[in-house]
Q: 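Before I ask anything, let me first share the structure, which is written out below as structure tokens.
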Amino acid sequence: MRLDNMLLAEGMSDPEKGRGLAAAAAVAAASGGVGVDNSAEHSDYRVKLSQIRQIYHTELEKYEQACNEFTTHVMNLLREQSRTRPISPKEIERMVNIIHRKFSSIQMQLKQSTCEAVMILRSRFLDARPKRRNFNKQATDILNEYFYSHLSNPYTSEEAKKELVKKCVITVAQVSNWFGNKRIRYKKNIGKFQEEANMYAARTVVYVTNASSQGSQANSPSTPNSAGETGSPWLCSAIQQVPPLCALLQPNS
DNA sequence: TAAGATGATTGTCC
DNA sequence: GGACAATCATCTTA
């Protein structure tokens, strides 16, 4: 019963629907007019689902035909035997029932295999984790600028997060992930990030200098938290191990 | 193609 | 619930 429900949910119970979808999906796939990877994958999924559906119905028809043929064959045999011994209608009915039970158990196996195939297909196409994409250069730049200009306290407030989300065109979770990864990787290997830190710190210095020379306050990144700030535990454990960076980040440098 | 870089996930701690 | 640390999975580069 559960198998039937699942097959019904996947549209397996309607052979015509299967053919129609298969044709539509095949046309979509062949035309190449699929806008995004996702829908391309989904059309591939539909094509494969339709193939499974067709195989299922072909096999089902075959089994039904075989069942009928075998039943007829056994009936004929019984009729032959009835010449030599008396065969009651009950006995014939019993034999037919046995045959039908056998074939329905085979059908059940077919349904089970079909369900398994559909589930594998689903897990491969629909439930699969989306592929990772690197952020674009601009987004990485913005995130790095914020990180290095807030080295003394590289944590994002809700507001800053929202702003970074807007600027980088990524999600809040991605911003949080990025900062989480960055903090850990920076701490683990400050030496490796020194050059990068110097570069972004220099950028910030230039930016702030330009901004102040124009008589305006720097507004990007939001609420710039002077990187030269002292007293932060983070600063102590991280930035102070990079003397050139420290020098660069001194307020009066 | 291997190694390194990087975004995402998971488990743990506070 | 957020931060951290370890790890996974994928991408990029030499």
Side-chain angles (χ1 to χ4, degrees), chain A residues 29 32 34-49 116-207 219-246 248-249:
Chain A
V34 186
V36 287
D37 292 351
N38 206 26
S39 55
E41 282 203 353
H42 282 206
S43 80
D44 202 12
Y45 165 76
R46 286 197 296 274
V47 169
K48 290 202 159 45
L49 189 64
E116 279 170 17
V118 169
M119 277 157 79
I120 289 167
L121 193 69
R122 283 189 75 90
S123 67
R124 194 169 299 165
F125 282 87
L126 303 185
D127 305 332
R129 192 201 279 193
K131 285 197 170 180
R132 190 175 71 74
R133 292 253 179 277
N134 284 358
F135 298 158
N136 61 35
K137 175 89 172 60
Q138 198 185 355
T140 312
D141 265 356
I142 292 167
L143 292 166
N144 272 316
E145 268 176 35
Y146 188 96
F147 181 83
Y148 287 113
S149 66
H150 292 73
L151 252 190
S152 58
N153 184 36
Y155 299 87
T156 49
S157 64
E158 284 304 308
E159 277 183 17
K161 226 178 249 180
K162 278 182 195 167
E163 200 179 326
L164 289 168
V165 163
K166 252 198 227 167
K167 281 184 181 171
C168 303
V169 201
I170 55 177
T171 65
V172 176
Q174 284 176 310
V175 171
S176 303
N177 282 339
W178 191 91
F179 274 85
N181 285 327
K182 190 73 181 181
R183 278 191 297 266
I184 288 166
R185 284 163 189 167
Y186 181 83
K187 231 193 232 177
K188 270 187 181 172
N189 198 346
I190 292 171
K192 197 185 82 182
F193 287 100
Q194 191 177 329
E195 200 181 326
E196 187 181 74
N198 289 346
M199 187 185 81
Y200 282 103
R203 273 198 205 181
T204 306
V205 167
V206 168
Y207 185 86
N219 61 352
S220 173
S222 68
T223 61
N225 189 4
S226 134
E229 229 173 53
T230 55
S232 150
W234 223 88
L235 186 69
C236 292
S237 67
I239 198 173
Q240 286 182 349
Q241 296 175 42
V242 189
L245 181 58
C246 271
L248 242 183
L249 298 177

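Because the structure is predicted, anything quoted here is derived from the model rather than measured. Each chain gets a letter, A, B and so on, in the order the sequences are listed, and its residues count up from 1.
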Q: Please report, rounded to the nearest Å, how far the C1' atom of dA5(B) is from the CG atom of N144(A).
A: 13 Å
Q: So Y186(A) and R183(A), side-chain contact (heavy atoms from CB on, under 4.5 Å) or not? Walk me through it.
A: CA-CA 5 Å; Y186(A) 181 83; R183(A) 278 191 297 266; 6.0 Å; no
Q: With 3.5 Å as the limit, what N/O pairs link the protein to nucleotides 11-14 of chain C?
A:
residue	atom	partner	partner atom	Å
dC11(C)	O4'	R132(A)	NH2	3.3

Q: For N134(A), which residues count as a side chain to side chain donor-acceptor pair (under 3.5 Å) partner, sequence neighbours excluded?
A: R132(A)
Q: Expected output check: what is the dot-bracket annotation of DNA chain C, where ( ) and [ ] are pairs inside the strand (brackets for crossing ones), | is paired with another strand, and pairs are Watson-Crick or G-U under 3.5 Å?
A: ||||||||||||||
Q: Taking the nucleotide of DNA chain C with the nearest heavy atom to each, does S176(A) or R185(A) sit closer to the 5' end?
A: S176(A)
Q: Does this structure show an ion pair linking K162(A) with E158(A), if we count only N-O contacts that are shorter than 4.0 Å?
A: no
Q: With heavy atoms under 4.0 Å as the rule, sort F179(A) into base, sugar-phosphate or nothing.
A: nothing
Q: What distance do Y148(A) atom OH and M199(A) atom CE have between them, rounded to the nearest 0.5 Å?
A: 8.5 Å
Q: Suppose we screen for side chain to side chain donor-acceptor pair (under 3.5 Å). Which residues come up paired with S176(A), at least two apart in sequence or across chains?
A: K161(A)
Q: Between K188(A) and T156(A), just flag the one whose closest nucleotide in DNA chain C comes earlier from the 5' side.
A: T156(A)
Q: Can you list everything that forms a salt bridge (charged side-chain N to carboxylate O under 4.0 Å, His left out) with E195(A)? Sequence neighbours excluded, please.
A: none
Q: Identify, with sequence neighbours excluded, every residue that meets side chain to side chain contact (heavy atoms under 4.5 Å, CB included) alongside V169(A).
A: none
